[in-house]
Each structure stands twice: as C-alpha cells, then as structure tokens.
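The figures here come from the full heavy-atom set of this structure, side chains too, leaving out hydrogens, waters and symmetry mates. From a predicted model like this one, the values you see are computed outputs, not experimental measurements. Throughout, a chain's letter reflects where its sequence line sits, starting with A, and its residues are numbered from 1.
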Protein chains: 4
Amino acid sequence: MPPQPPKALKPRKTPSQSRSRVTVDAIFEATIQVLLSQGMAGLTTTGVAERAGVSVGTMYQYFPNKQALVYALNERFLTTLAEQVEATCARMQGRPFEEAAEALIDTYWAAKTERPELTRALYRSVAELETDALLHAFAARVDKATTEIFCQTSDFRSPDAGEVNLLLTTVIYGSVRNAFERGLGQEEISGLKSGLKAMCRAYLVAVGK
Amino acid sequence: MPPQPPKALKPRKTPSQSRSRVTVDAIFEATIQVLLSQGMAGLTTTGVAERAGVSVGTMYQYFPNKQALVYALNERFLTTLAEQVEATCARMQGRPFEEAAEALIDTYWAAKTERPELTRALYRSVAELETDALLHAFAARVDKATTEIFCQTSDFRSPDAGEVNLLLTTVIYGSVRNAFERGLGQEEISGLKSGLKAMCRAYLVAVGK
Amino acid sequence: MPPQPPKALKPRKTPSQSRSRVTVDAIFEATIQVLLSQGMAGLTTTGVAERAGVSVGTMYQYFPNKQALVYALNERFLTTLAEQVEATCARMQGRPFEEAAEALIDTYWAAKTERPELTRALYRSVAELETDALLHAFAARVDKATTEIFCQTSDFRSPDAGEVNLLLTTVIYGSVRNAFERGLGQEEISGLKSGLKAMCRAYLVAVGK
Amino acid sequence: MPPQPPKALKPRKTPSQSRSRVTVDAIFEATIQVLLSQGMAGLTTTGVAERAGVSVGTMYQYFPNKQALVYALNERFLTTLAEQVEATCARMQGRPFEEAAEALIDTYWAAKTERPELTRALYRSVAELETDALLHAFAARVDKATTEIFCQTSDFRSPDAGEVNLLLTTVIYGSVRNAFERGLGQEEISGLKSGLKAMCRAYLVAVGK
DNA sequence: GATGAATGAGCGTTCATTCAT
DNA sequence: CATGAATGAACGCTCATTCAT
C-alpha cells in the first residue's frame with residue numbers, strides 16, 4: 001500500500017497491458033542508466049527517453065513530469081525493500097530477537113549493497129524531491145513489520161518496543177546511508193555490518209533482560 | 001586544513017580585507033536564507049546576490065560558479081563542526097572512552113540540531129554536488145581526532161581502534177541523518193540520542209574489556 | 001451554398017449516414033463545451049474527442065485538422081444565421097424598409113444573444129483562423145438577401161441600395177460585436193438595440209426620401 | 001492612467017534609460033513585423049527576439065511572458081488612441097455635437113486606418129489574450145472623454161448623455177472593426193465613414209432637439 | 001471503420017555566466 | 001573593483017497528427 005503521492009507526482013496511467021509494462025520498464029531502466037552515468041544533474045527528460053528508445057511524448061504518457069519519474073523509481077525500490085523486510089520479519093516470527101535484528105540488518109544491507117552505485121544515485125535523487133511523504137510511508141510500513149516482530153519475539157521484555165524499534169531501525173538505516181556517503185569499499189562495509197550486529201546485540205542484551 | 005576542493009570549486013579569493021569578509025559573509029547568509037525559504041531548487045545566483053545586497057558580478061568575484069558557493073557553504077559548516085569535535089576530543093583526553101563517546105554524541109547532536117532546517121537544507125544541497133572529496137576530508141579530519149581520543153583513553157584495549165572508531169562515527173552520523181530524514185520531532189530525536197548513547201556504551205563494554 | 005473552404009479546411013466527408021451525423025454532432029457539441037469552459041487556448045483535439053466520446057482517430061476521419069474543426073463549427077453557425085436572416089427577409093417582402101431594418105436587427109440580435117458565451121467564444125475562435133473566405137462568403141450571402149429586401153421594399157428610393165445596405169449591415173454587425181467585446185450586460189445590450197433601431201430609422205428617413 | 005494589468009502580464013521593468021528604451025522599441029517593432037508576416041499563430045518568442053536583434057533572455061527582462069508582450073503592444077496602441085480621442089474632445093469643447101461626433105469618427109477612423117494591416121493584426125491578437133480588463137479600461141477612459149464633450153456641448157438636450165454616448169461609441173468602434181473584418185478596401189471604407197457620419201447626424205438631430 | 005499509444009518538432013521559459021560600462 | 005543588462009544553450013513539456021492493430 002504505497003502512499004498517495006502528491007498528486008502532481010502521480011503516474012498518469014498504470015501500465016496493465018504487456019506492451020505498456022515493457023515501455024515503463026524500459027523507461028525506469030533508462031532512468032537508472034542515466035542516473036548512474038550522469039547523476040541527477042544530467043538527468044533530462046529527452047536523455048531518458050532516448051536511452052529508453054521511446055519518444056519524450058511517450059514518457060509523458062506515463063509520468064506527468066520529470067519529478068514523477070524519479071519519484072516512481074524511488075517508490076518502486078522502496079516498495080521492493082519494504083517487501084523484503086516484511087518477508088524477513090515473517091520468517092523471523094518467534095525467533096529470539098537478536099537473531100531477528102541480525103536478519104533485518106542482513107536484509108537491509110543486502111538490498112542496499114546489491115547495486116551500490118544505484119543505491120547511491122537514489123539516495124541523491126531523493127534529495128531533490130518532495131519525498132517526505134514517500135519516506136514517511138516507507139518508514140511507517142517497515143516500522144510496523146519490525147515492531148511486530150520485536151513484540152512477538154519470544155524473549156522480548158523491553159518496556160517500549162516502539163522506542164527500541166525506532167532506535168534500531170534508525171541506526172541501521174542511517175549507518176548504511178552514511179557508509180555509502182563516505183564512499184567506503186565493500187570490505188569496510190562488511191566490517192561495519194559485523195560491528196553493527198555486535199552493537200545491536202550488545203544493546204539488546206543490556207536492555208532486554 | 002580544509003581539503004583542496006576540486007579546482008572548479010575553489011573560491012576565487014580568500015577574503016582577507018575586512019570589506020571582503022563582510023561581503024562573503026553576507027553572501028553566505030543570503031544563501032542560507034534562500035536555501036531555507038526556497039530550497040535547493042530555488043537557489044539562483046541572482047536570487048542570492050539580491051538577498052545579499054550585492055550584484056551577481058561581485059558574487060562571481062568570490063565564487064567562480066554556483067556550485068562553488070554551495071560547496072563553500074558546506075565546507076564552512078563542516079569545518080566548524082570538525083573544530084567542535086576536535087575541541088570535544090581535546091577536552092576528553094584521558095577520560096574513560098564511554099564518556100568520550102557520549103560527549104562526541106552530544107557535540108555532534110547539538111551541532112546538527114541547533115538549526116534543524118538548515119541542517120536539512122545542507123544535507124540536501126550536498127546531494128547535488130561533487131562533494132565526495134569534501135566529505136572524505138571531513139571524515140578523515142574528524143576520524144583522526146576521534147581515533148586519537150579512543151587510543152589515548154585510559155582503558156581502551158580493543159585490538160583495532162580504527163575499526164571501532166569507524167563503526168561508532170558511522171553509526172552516530174548516520175543516525176542523526178536518518179532522524180532528520182524521517183522528519184522526527186525534537187522529543188523523538190532526544191529519545192534517540194539517549195538510546196544511541198546506551199547502545200554505544202553497551203557495545204564498548206562488550207567489546208572493550 | 002456555403003463557400004468552398006480553403007482546401008486544407010475542407011471536412012473529409014459529409015456525414016450522410018445517420019451514425020456519422022450523430023458523431024459529427026457530438027464532436028461539435030464537445031467543441032462548444034470545451035470552448036466555453038476552457039476557451040480557445042484550451043481547445044485540444046484530444047480534449048474534444050474525449051468529451052465527444054470518440055477517439056481522436058475518429059475525429060480525424062471527419063476533420064483533417066484542428067482548424068478545420070473550428071472552421072466547420074463557425075460555418076455551421078454562420079449558415080444558420082444566414083438562413084435566419086434570409087427567412088426574415090422573405091417575411092419582410094414588400095414591407096416598409098424601416099420595418100425591415102428593425103426586423104433584421106431583431107433577428108441578428110436574437111441569434112447572437114441567445115448563447116452569449118458561445119457567441120463570444122466563436123468571435124474569438126475566428127480570430128485564430130484563416131477565415132477571411134468564410135466571413136466573405138457569409139457577408140455576400142447575407143448582403144444578397146438584405147439588399148434584395150431593401151430594393152423590393154415599397155418605398156425605397158435611395159440611389160444606391162448596395163451602399164446603404166453595406167452601411168446598415170456593417171453598423172449592425174459591428175455594434176453587436178463591440179457590445180460583446182465591452183462585456184456589456186443584457187440590459188445595456190437591449191438599450192443599445194433600441195438605440196440602434198432609432199438610429200437606423202433616423203438615417204433611413206433622412207436618406208430615403 | 002492605464003489599468004493595472006493582471007499581474008502575470010505586467011512588464012518587468014519600465015525602460016527609463018535610453019538604451020533600454022531602444023531595446024523595448026525594437027522588440028515592439030519586431031512583434032509588429034512578425035504579427036504582420038506570420039500572424040498571431042506564428043508569433044514565437046524566439047522569432048520576435050531574433051527579428052528585434054536581441055536575445056530571448058533580454059526580451060524576458062522586459063516582459064515576463066509572451067502574453068505580456070502582446071498585451072503591452074495592445075496597451076500601447078490603445079493608449080495612443082485614447083490620447084488622440086481625448087485631444088479631439090478637448091478641441092471640440094463647446095462645439096455643436098454633430099461636429100463633435102464627426103470629429104470623433106474622423107479621429108478614430110484615421111487611427112485605425114493608418115496601418116490597416118497592423119490594426120487587423122492587433123484586433124486578432126486581442127482575441128487570444130485575457131484582455132477584458134484592458135479593453136474595459138480603454139473603454140472607460142474614452143467614454144469619459146466623449147461623454148464630457150457630449151454634455152458640455154452647447155446644444156445637447158438629450159435625457160441621458162451616457163446612453164447616447166454608449167450608442168455612438170459602440171456603433172463607431174464596432175463599424176470600424178466590422179469593416180476590417182470584411183476586408184473592405186479603402187474606398188469602401190471611406191464610403192462607410194461618410195455614411196456613418198450621416199447616420200450619426202440624423203440620429204442626433206432626431207433625438208437631440 | 002475505429003482506436004489510442006506513440007511520435008517529435010517546436011514552443012516558452014530559465015538562469016548561470018560574461019563583460020562593457 | 002562593482003555593476004547588472006545581455007546572452008543563449010538547454011530544458012521541460014505540449015499536443016496535433018499518424019498508423020499499427
């Protein structure tokens with residue numbers, strides 16, 4: 001259930017026929033390509049259309065303006081990410097919460113690390129949009145899933161699950177972002193991941209019992 | 001020792017005379033104003049110059065292009081921040097490292113929270129720049145200070161101070177950023193701060209002895 | 001006998017089957033709706049087609065381009081108007097020409113005042129077309145009818161009926177248009193009508209004997 | 001005292017220095033040229049700028065958008081026209097009103113007939129603008145001048161000067177416009193002028209005494 | 001026939017940057 | 001040195017028109 005995007009950003013038509021689907025996918029892929037090669041500043045509507053092999057006009061059939069395109073791209077990724085998080089949470093039902101936290105870290109990390117350059121590009125693209133609503137909605141959705149898991153987890157006794165959840169997610173999401181911002185390499189990033197796991201574990205142990 | 005900015009971004013002259021200093025300050029202040037009221041998208045050279053009460057031409061005497069202006073603004077803030085961190089580190093010489101970590105969190109938090117809207121605007125402005133070098137340099141400078149404090153701290157026995165340092169700083173900086181991104185209110189943010197302190201303490205205890 | 005429209009504006013097919021007739025009528029009605037609600041600037045082919053409940057493609061079956069559509073719409077109204085004028089002239093056969101002039105004014109006035117907003121919209125739409133031919137043809141047709149009536153009218157002795165006719169029609173048509181342009185209200189417009197009648201009568205009396 | 005144009009149409013700066021004045025004049029002249037040669041449909045900002053020998057950017061320094069340009073052009077002509085009418089009225093102070101009416105006709109006629117193609121182009125250009133306010137203001141200004149003259153004129157005894165004035169001006173302005181719309185030649189137009197004078201005289205005689 | 005997705009030329013407009021004054 | 005009018009490349013976007021289905 002993605003949020004209602006500010007109406008100026010709402011896609012014009014949801015592609016149901018297969019041909020449209022292909023077109024929209026091509027546009028998304030082209031947007032990514034351009035974002036990777038030229039950055040947000042070099043992302044022009046004609047450039048994207050060209051790379052996608054469609055005309056500008058076609059692009060505008062699906063996206064009412066450039067922002068909407070980037071918005072939709074981010075939405076798509078956040079939705080996928082949210083689904084992955086939810087899947088992880090489902091899998092972790094009833095497991096000790098330190099394990100759950102680790103699994104969450106692994107999931108989030110994997111998603112963000114899979115295409116690092118893209119992740120970086122999206123992080124940047126978000127800054128130029130009115131994406132508060134989008135980000136909020138994503139946060140809310142994911143928080144719901146993670147909070148639940150923390151609550152249902154067998155051995156959780158902390159007074160305020162919501163608070164712990166906010167802390168953990170903020171730390172996890174923030175660390176990943178900062179790691180990207182610093183331009184760390186893969187090895188450093190995985191070092192960070194282990195460290196973060198240890199940190200969360202230590203905290204949960206200290207707080208949870 | 002600020003980093004060498006990518007040549008295209010280097011300010012044209014370092015304002016040594018007092019008149020220049022005033023001008024540059026006015027320009028910076030105007031930039032902030034515009035950034036706050038119109039966001040990065042509404043930041044135009046003419047707009048800034050107007051607000052600063054100087055002509056565009058004059059502005060170009062000090063900054064070779066628009067990017068350089070935003071770059072310099074960020075540099076200024078990062079430099080201040082770095083100095084504050086260094087001061088904190090100096091003050092924490094020889095104190096137990098849990099205290100040092102807390103002090104670091106307090107310092108960073110205070111700096112970022114002082115003018116939240118500005119912080120947010122700067123976070124966004126950075127995304128549109130080639131600021132990797134800037135960020136790297138800032139990170140290096142600050143890491144140097146914090147690493148030192150962790151090493152010289154009386155009771156630190158961890159095998160790899162650098163690694164711990166990276167983890168801690170990444171977590172701290174990242175959490176603050178994510179907190180801003182989520183649009184959390186002041187109360188939530190301070191809850192987060194306490195949580196983060198607890199987390200770091202727990203981690204250090206678990207790892208450090 | 002409508003004039004030959006400039007070739008590029010000629011409708012593609014005269015709708016003889018009843019189905020076509022319905023379609024064309026729907027298109028005309030939609031055009032009017034759009035003209036009234038969005039003005040000439042908001043008149044787009046897709047917009048009209050949508051409102052008419054047909055596809056753009058279908059619309060292009062009947063009108064080779066957008067201009068042709070507006071052209072045809074004006075033609076239709078002018079034809080109706082011409083017919084009304086001719087009817088009036090027929091009815092006025094053999095009557096004193098002051099009466100005839102008054103009847104002409106009434107007819108023209110009624111036609112233009114019936115749907116004032118539409119009249120206004122059409123006046124405007126004409127300005128963007130190459131409608132000289134259309135207007136000429138309408139003028140010629142109507143002039144023929146009115147000139148005849150002035151000639152056959154029992155007591156007309158003016159040396160040059162054509163000249164008088166041109167004057168009268170120009171004054172009448174022009175006044176109506178100007179009244180619309182000034183945005184006069186209904187009451188002022190009818191005051192104007194009486195005044196115009198008086199004026200024509202005075203003139204005919206002064207000139208005709 | 002021209003009306004406050006809808007703010008979107010207000011010129012950006014009134015050219016006071018001589019250089020600006022020249023530039024703006026060149027732009028106006030270019031606009032006229034293009035209007036004459038390509039019509040309103042062919043009037044593009046780049047086209048006008050090119051013809052004026054300036055860059056688009058410069059044009060936009062003076063006019064915030066294309067409409068404003070055309071608006072200003074019309075305003076300029078209407079202002080001139082209003083001044084001429086006022087001058088005529090001033091000259092006709094205390095003269096018999098039939099003479100005044102004739103003088104008014106002559107003035108208006110001369111102004112509109114001086115550059116017939118331009119007159120035609122402006123008539124058309126007005127249709128695409130939100131010019132109601134402009135036209136109203138012009139009408140009000142001119143009506144004021146003409147009403148006064150009709151009142152102060154020695155022998156005017158009509159019950160309602162305003163009404164007579166409205167009739168006369170509507171008839172005069174409307175007739176000129178219609179004459180242009182019909183595409184009449186110079187000779188016909190001057191025949192019309194005499195006829196119109198006779199008509200007004202006859203009306204005034206019939207009504208005024 | 002009817003459809004409507006696709007096209008793409010072309011428009012209005014902005015704004016970083018320059019340079020004559 | 002300061003000014004700010006002038007520049008013009010480049011962009012986002014529209015919409016009349018076509019044509020494969």
Is there a side-chain contact between [X] and the phosphate of [N], meaning an N or O under 4.0 Å from OP1 or OP2?
| X | N | value |
| --- | --- | --- |
| B:Tyr60 | F:dG4 | no |
| A:Thr58 | E:dT7 | yes |
| B:Ser55 | F:dT3 | yes |
| D:Thr46 | E:dG10 | no |
| D:Thr45 | E:dG12 | yes |

>> Is it the case that over 12 heavy atoms from other parts of the model lie below 6.0 angstrom from the CD atom of C:Glu50?
In response: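 Check fails, neighbour count at 12 or below.
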>> Please check if the number of heavy atoms outside C:Glu29 that lie under 6.0 Å from its CD is greater than 12.
In response: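 Result for CD/C:Glu29: enclosed.
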Can you measure [X] atom [atom1] to [N] atom [atom2] for me and round it to whole angstrom units?
| X | N | atom1 | atom2 | result |
| --- | --- | --- | --- | --- |
| D:Glu50 | F:dA6 | CD | P | 18 Å |
| C:Asn65 | F:dA16 | CG | C1' | 9 Å |
| A:Phe63 | E:dA5 | CZ | C1' | 15 Å |
| D:Glu128 | E:dG12 | CD | C1' | 15 Å |
| A:Met59 | E:dA5 | CE | P | 17 Å |
| C:Gln38 | F:dC15 | CD | P | 11 Å |
| A:Tyr62 | F:dC13 | OH | P | 18 Å |
| C:Met40 | F:dC15 | CE | P | 13 Å |

Which nucleotide in the list [options] gets nearest to the side chain of [X]?
| X | options | value |
| --- | --- | --- |
| B:Lys66 | E:dA16, E:dT3, E:dG8 | E:dA16 |
| A:Thr44 | F:dC15, E:dT17, F:dC11 | F:dC11 |
| B:Val56 | F:dA9, F:dT7, F:dA5 | F:dA5 |

>> At 4.0 Å (heavy atoms only), tell me whether B:Leu43 reaches a base, stays on the sugar-phosphate, or touches nothing.
In response: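 B:Leu43: backbone/sugar contact only, no base atoms under 4.0 Å.
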>> Using the rule side-chain contact (heavy atoms from CB on, under 4.5 Å), only one of C:Leu118, C:Leu78, C:Leu35 pairs with C:Leu73; which is it?
In response: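 Of C:Leu118, C:Leu78, C:Leu35, side-chain contact (heavy atoms from CB on, under 4.5 Å) with C:Leu73 is met by C:Leu35 alone.
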> Is there a side-chain contact (heavy atoms from CB on, under 4.5 Å) between C:Phe63 and C:Thr31 once you walk through the steps?
Replying inline: CA-CA 12 Å; C:Phe63 304 98; C:Thr31 309; over 6 Å; no
> Starting at the 5' end of DNA chain E, which residue's closest nucleotide do you reach first, D:Gln67 or A:Gly53?
Replying inline: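 In this pair, the answer is A:Gly53.
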> Do A:Thr23 and A:Gln61 pass the side-chain contact (heavy atoms from CB on, under 4.5 Å) test, and can you show the C-alpha distance, the side-chain angles, and the key distance before you say yes or no?
Replying inline: CA-CA 11 Å; A:Thr23 301; A:Gln61 299 248 350; over 6 Å; no
> Which atom names give the shortest non-hydrogen contact between B:Ser55 and B:Ala49, and what distance separates them?
Replying inline: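 Nearest heavy atoms, B:Ser55 then B:Ala49: C-CB, 3.9 Å.
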> Is E:dA20 paired to anything, Watson-Crick or G-U wobble with both distances less than 3.5 Å, and if yes, which nucleotide?
Replying inline: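 Partner of E:dA20: F:dT3.
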> What about A:Gln61, does its side chain sit under 3.5 Å from the base of E:dA5 through a donor-acceptor pair?
Replying inline: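 Under the 3.5 Å cut-off, the side chain and the base do not form any donor-acceptor pair.
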> Pick the nucleotide of DNA chain F nearest each of B:Val54 and C:Gly57; which residue has the one closer to the 5' end?
Replying inline: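 Result: B:Val54.
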